[in-house]
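Some notes on the structure that comes next.
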Amino acid sequence: MMPELEIGPLRIRPMTKEDIAEVTRLDQESFSLPWPERAFENELFNQMARAWVVDQPANPEIGLIGSLILWLIIDEAHIATIAVDKNFRNQGIAKVLLAHALLSVREEGAICSLLEVRRSNTAALGLYQSLGFYQVGTRKGYYSDNHEDALLMNLDDLDSVDWQAILHLYSQRHGGG
Ligand SMILES: CC(C)(COP(=O)(O)OP(=O)(O)OC[C@H]1O[C@@H](n2cnc3c(N)ncnc32)[C@H](O)[C@@H]1OP(=O)(O)O)[C@@H](O)C(=O)NCCC(=O)NCCS
């Protein structure tokens with residue numbers, strides 16, 4: 001796993017067991033079908049999982065403002081979950097978090113990335129489309145709470161995105177790092 005990254009006011013670092021309560025809180029605020037705390041604990045032992053969190057070292061009282069889990073399966077990076085605290089959305093944080101995590105697994109041999117997203121999740125669709133993910137299929141009625149469809153999205157070639165440019169732009173706009 002790549003080391004942590006300090007970028008602007010943010011620090012992106014591997015998730016630890018001390019983060020689990022906060023990650024669970026963030027997840028509950030962000031999803032209508034949140035994962036149980038136990039699921040996050042299990043991910044820390046999952047050999048395929050790469051789990052990251054975002055915080056602000058200068059403002060520890062804020063707690064975690066983002067989290068991401070992906071599963072590296074051979075050469076595929078499956079985005080399992082990503083969330084940014086409501087008060088910090090639309091500032092490019094999900095994009096830098098994904099950039100750092102995907103650059104990291106690219107170093108480990110990942111070639112492509114894939115995910116599932118609710119059809120109505122315009123923020124997430126905006127995020128993924130801005131990175132070049134495109135729809136490859138649909139799972140009808142996939143989500144158990146409202147029977148909403150899941151869209152399956154792929155990014156075929158991780159090298160088709162200039163991840164460093166995304167990080168560079170964020171750091172220019174938010175004061176170095
Ligand atoms: C989806 C989510 C992680 C995005 O986090 P974020 O930090 O606000 O996203 P960013 O600011 O990095 O935005 C990245 C891109 O997505 C687009 N985007 C973000 N929010 C958007 C919105 N509400 N509507 C349309 N596009 C949006 C932005 O235009 C941006 O593209 P750009 O850089 O080309 O302008 C956040 O909204 C969230 O936590 N949602 C709840 C949990 C969730 O749905 N996770 C995804 C599950 S698949």
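Just follow the structure's listing: the first ligand is 1, and inside any ligand the first atom is 1.
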Heavy-atom protein contact below 4.0 Å for [atom]:
atom	answer
atom 18 (N) of ligand 1	yes
atom 48 (S) of ligand 1	yes
atom 28 (C) of ligand 1	no

Looking only at N/O atoms, are [X] and ligand 1 under 3.5 Å apart anywhere?
X	answer
Gln91	yes
Val117	no
Ala83	no
Leu127	yes

Note the single closest protein heavy atom to [atom], along with its residue, its atom name and the distance in Å.
atom	value
atom 45 (N) of ligand 1	Ile82 O, 2.8 Å
atom 11 (O) of ligand 1	Gly92 N, 2.7 Å
atom 38 (C) of ligand 1	Arg89 NE, 3.4 Å
atom 21 (C) of ligand 1	Ala123 CA, 3.5 Å
atom 20 (N) of ligand 1	Asn90 OD1, 3.2 Å
atom 5 (O) of ligand 1	Ala94 CB, 3.1 Å
atom 25 (C) of ligand 1	Thr122 O, 3.8 Å
atom 12 (O) of ligand 1	Lys95 N, 3.0 Å

I need the contact type for [X] against ligand 1. Using non-hydrogen atoms and a strict under-4.0 Å cut-off, is it side chain, backbone, both or neither?
X	answer
Glu116	backbone
Tyr128	side chain
Ala124	both
Val84	both

| field | Smallest separation among heavy atoms of Met15 and Leu68, with atom names | value |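 That would be CE-O, 4.5 Å.
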